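Accompanying notes for the structure given below.
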Amino acid sequence: MTKEQFVVTAAQMRDIEGRIFAAGMPVAALMEKVGKLISDSFARHWQRLQSIIPLSPSFQGGLGGSHVGILAGPGHNGGDALVVARELHFQGYQVWIYQPFAKLKELTSQHLQYAQSLGIPCYQQLAELPSCDFLIDGLFGFGLEREITGNIAEAINHFNDWNKPIFSIDLPSGLHTDTGEVLGTAIRATHTFCLGLWKQGLLQEQALEYIGQAELIDFDIPLADIHAILGEVPKIKRITKTTVFDTLSLPLSPTTHKYKSGHLLLISGSKRYAGGAILTGLGARASGVGMLSIAVPESIKPLLISHLPEALIIGCPETETGAISHLQLPSNTDLSSFNAIACGPGLTTDATPIIEQVINSDVPLILDADGLNILAQLGTISTLQKRQNTTILTPHTGEFHRLFPDINYQDRVKAVQTAASQTGAVVLLKGARTAISNPEGVVWINAESTPALARGGSGDVLTGLMGGILARVVNKQVNIEDVVAAAAWWHSQGGILAVKERTELGVDAFTLTQYLIRVLKLSIEDIL
Ligand SMILES: NC(=O)C1=CN([C@@H]2O[C@H](COP(=O)(O)OP(=O)(O)OC[C@H]3O[C@@H](n4cnc5c(N)ncnc54)[C@H](O)[C@@H]3O)[C@@H](O)[C@H]2O)[C@H](O)CC1
Ligand SMILES: [K+]
């Protein structure tokens, strides 16, 4: 595992750091190392930022002329910030410090004393503060224990109102390290330098508007210390490119052939929602699956053929409302002929017999959209109890609530863990930070996405992409939750790339399918 994959709570971070100190690393040395790493990374960002944001009239130009406000807290977060203050001072920045606390930790107090000895002005009152070009937030890190109130809360709101870029150290001050909730008030950061390992709170949706651009500052925590606290297989992991490429088993073997690259059956679409079937099919195409069959109502078969000439389109009898009434597979074919089935987009809720049939099959199955709504009507847990083989559910929050009305999905990690253990399925809960759990409670969090994906049809693409990957690798001893994580990562990276080239309004679901292969190509080049 790479450092980027680990996710820690405040307690786990404290224990990991405790091991480092117990092994002999002086606390002051680590703080110095961290402070230097932050200063170097900050200088890179500040150069880039200068080119895109209007600077205050006081700005004298160049790195050295910038005016920097350092917000120093009473603990080691403040200590880190004071090391940064000293380093930026020596690099020629005009630095001032805001330090309103009476009692400081020893190390923090020493750094403050030295900063003042260098002539760096230090203020206790908001009213005295000069202007600045940007702020560095070192008020609180993972030691924040309670709601922020009084003059500190007032100060945080005051700095937020300045509308200056704010670079937060470890976490935006005021965010709960584990849950990401705001404790009273919180700094709205432009950029967050997360120290050592990703804090769980930074991966929660409620934190997103406070974090800005997040970056991990690796300060060489030994893997042994991490595994000693998190275990050999950590419960909660952050999806990264390396995990995805392990799962996608790329590059392909030179002797592969179409039957070795999986055969996926998509069951989707209706007269009313033909587009859902097309988008799911295009998502599956992008996965590189060897063979693709798509079962749709007879009346939309020609449409599917025109969009997906390489797929085997199976026209099925339909109800008067234009939904599939029953699966009419080609002769000498049954559901066990397929490596995986993905079912649901565009089906409408008039296709209950189809859902019952695929649930009773012994084929790895992904249920999405109306497949989930029908499952909820049938009774989620009782219906899935019959299944022995792999089941993957991919609800958005509305579908999740219909499937699991008794589970509070505010804490998304706990919600997917509970749903997965109750159903024995791998459950993906869609959102700005998609969470995935297997029945044993092992969780993947997709920490990078874009609001551009919150559009009709985007979920259909994910279902097809996931189905194609599943069909390709299901016989290759992979963890099913890794397949789901790979699909979620690939889908969101496609959206992120599309936004870069077409803005957040330019990522309709069809366009997204065109970016899936592009993002894979760029990622492979990046990795190789
Ligand atoms: N140990 C190291 O060398 C490193 C630490 N790192 C940085 O330090 C912080 C964690 O430091 P810690 O002192 O434990 O906590 P904080 O700096 O977050 O300070 C919290 C501090 O403030 C008090 N406090 C807590 N809640 C409140 C509140 N609501 N109002 C007022 N005061 C509050 C509490 O008593 C604490 O003393 C970590 O985030 C890193 O930035 C690095 O990992 C580098 C190595
Ligand atoms: K902070």
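Counting convention: from 1, in listed order, for ligands and their atoms alike. Just so it is clear, the values below take in all heavy atoms, side chains as well, and ignore hydrogens, waters and symmetry mates. It should be emphasised that the depicted structure is a prediction, and the values quoted were computed from it without experimental measurement.
- Which parts of ligand 1 touch Leu195 is read off a 4.0 Å heavy-atom cut-off, strictly below it: atoms 40 (C), 41 (O), 42 (C).
- Note on Lys241 versus Glu448: no salt bridge recorded, every NZ/NE/NH1/NH2 to OD/OE distance being 4.0 Å or above.
- Using a 4.0 Å cut-off to heavy atoms of Pro74, the atoms of ligand 1 that qualify are 21 (C), 22 (O).
- Ligand 1 places these atoms under 4.0 Å from at least one heavy atom of Glu147: 29 (N).
- Here the side chains of Thr177 and Gln200 are not in contact, with every heavy-atom distance at 4.5 Å or above.
- For the K ion (ligand 2), the N/O/S atoms of Ala81 include none lying under 3.4 Å.
- Under 4.0 angstrom from ligand 1, the non-hydrogen atoms of Leu30 all belong to its side chain.
- Scanning both residues, Thr179 and Gln204, for their nearest heavy atoms gives O-CG, 3.1 Å.
- A salt bridge is absent between Asp15 and Arg19: the closest approach of a Lys/Arg side-chain nitrogen to an acidic carboxylate oxygen does not fall below 4.0 angstrom.
- Aromatic ring pairs are classed by plane angle as parallel below 30°, tilted from 30° to 60° and perpendicular above 60°; the pair Phe400 and Tyr409 is perpendicular.
- Of the possible polar contacts, one joining the Gln99 side chain to the Phe101 backbone as a donor-acceptor pair under 3.5 Å is found.
- For ligand 1, the atoms closer than 4.0 angstrom to any heavy atom of Val34 are 44 (C).
- In terms of polar-atom proximity, defined here as any N/O pair under 3.5 Å, Phe101 makes no such contact with ligand 1.
- The K ion (ligand 2) has Ser173 among its coordinating residues (N/O/S atom, backbone or side chain, under 3.4 Å).
- Counting atoms of ligand 1 from 1 in the listed order, those under 4.0 Å from a heavy atom of Gly141 are 16 (P), 18 (O), 39 (O).
- Contact atoms of ligand 1 toward Ile148: 29 (N) (distance under 4.0 Å to a heavy atom of the residue).
- With respect to atom 9 (C) of ligand 1, the closest heavy atom belonging to the protein is Asn77 N, 3.5 Å.
- The neighbour count for Lys3 NZ, taken as heavy atoms of other residues, nucleotides or ligands under 6.0 Å away, is above 12.
- Shown are Val427, Leu470, Leu428; of these, the side chain to side chain contact (heavy atoms under 4.5 Å, CB included) with Ile392 is made only by Leu470.
- The K ion (ligand 2) has an N, O or S atom of Asp137 inside 3.4 Å of it.
- Rounded to 10°, the angle that O of Leu171 and OD1 of Asn77 form at the K ion (ligand 2) is 140°.
- Distance check for Phe140 against the K ion (ligand 2): an N/O/S atom falls below 3.4 Å.
- Taking the six-membered ring where the residue is Trp, Phe167 and Phe42 present perpendicular rings, their angle passing 60° and hence far from 30°.
- Distance check for Gly138 against the K ion (ligand 2): none of its N/O/S atoms falls below 3.4 Å.
- From the protein, the heavy atom lying nearest to atom 29 (N) of ligand 1 is Arg146 O, 2.9 Å.
- In this structure, the protein non-hydrogen atom closest to atom 19 (O) of ligand 1 is Gly75 CA, 3.7 Å.
- Using a 4.0 Å cut-off between heavy atoms, Met13 makes no contact with ligand 1 at all.
- Scanning all protein heavy atoms for the shortest distance to atom 33 (C) of ligand 1 gives Phe140 CE2, 3.4 Å.
- Counting only heavy atoms of the protein, atom 39 (O) of ligand 1 lies nearest to Asp170 OD2, 2.7 Å.
- For ligand 1, the atoms lying closer than 4.0 Å to a non-hydrogen atom of Phe21 are 1 (N), 2 (C), 3 (O).
- Panel note: side chain His176, backbone Gly180; no donor-acceptor pair is recorded below 3.5 Å.
- Taking the six-membered ring where the residue is Trp, His191 and Phe193 present tilted rings, their angle falling between 30° and 60°.
- Using a 4.0 Å cut-off between charged side-chain N and carboxylate O, Lys237 and Glu481 make no salt bridge.
- Of the polar atoms of Glu17, at least one N or O is found under 3.5 Å from an N or O of ligand 1, judged by distance alone.
- Around atom CD of Gln213, no more than 12 heavy atoms belonging to other residues, nucleotides or ligands sit under 6.0 Å away.
- The heavy atom nearest to atom 15 (O) of ligand 1, out of those in Ala81, Gly143, Gly150, is found in Gly143.
- Here atom 6 (N) of ligand 1 lies nearest to Asp80 when heavy atoms of Leu171, Thr108, Asp80 are compared.
- For atom 14 (O) of ligand 1, the nearest non-hydrogen atom from the set His76, Lys199, Lys105, Glu145 belongs to Lys105.
- Residue contacts with ligand 1: Val27 is included, with a non-hydrogen atom under 4.0 Å away.
- For the ligand labelled ligand 1, residue Gly196 lies outside the 4.0 Å heavy-atom shell.
- Not less than 6.0 angstrom separates the ring centroid of Phe142 from the ring centroid of His76.
- Heavy atoms from other residues, nucleotides or ligands lying under 6.0 Å from NZ of Lys476 number more than 12.
- Within the 3.5 Å criterion, the main-chain N or O of Val443 finds no donor-acceptor partner in the side chain of Ser437.
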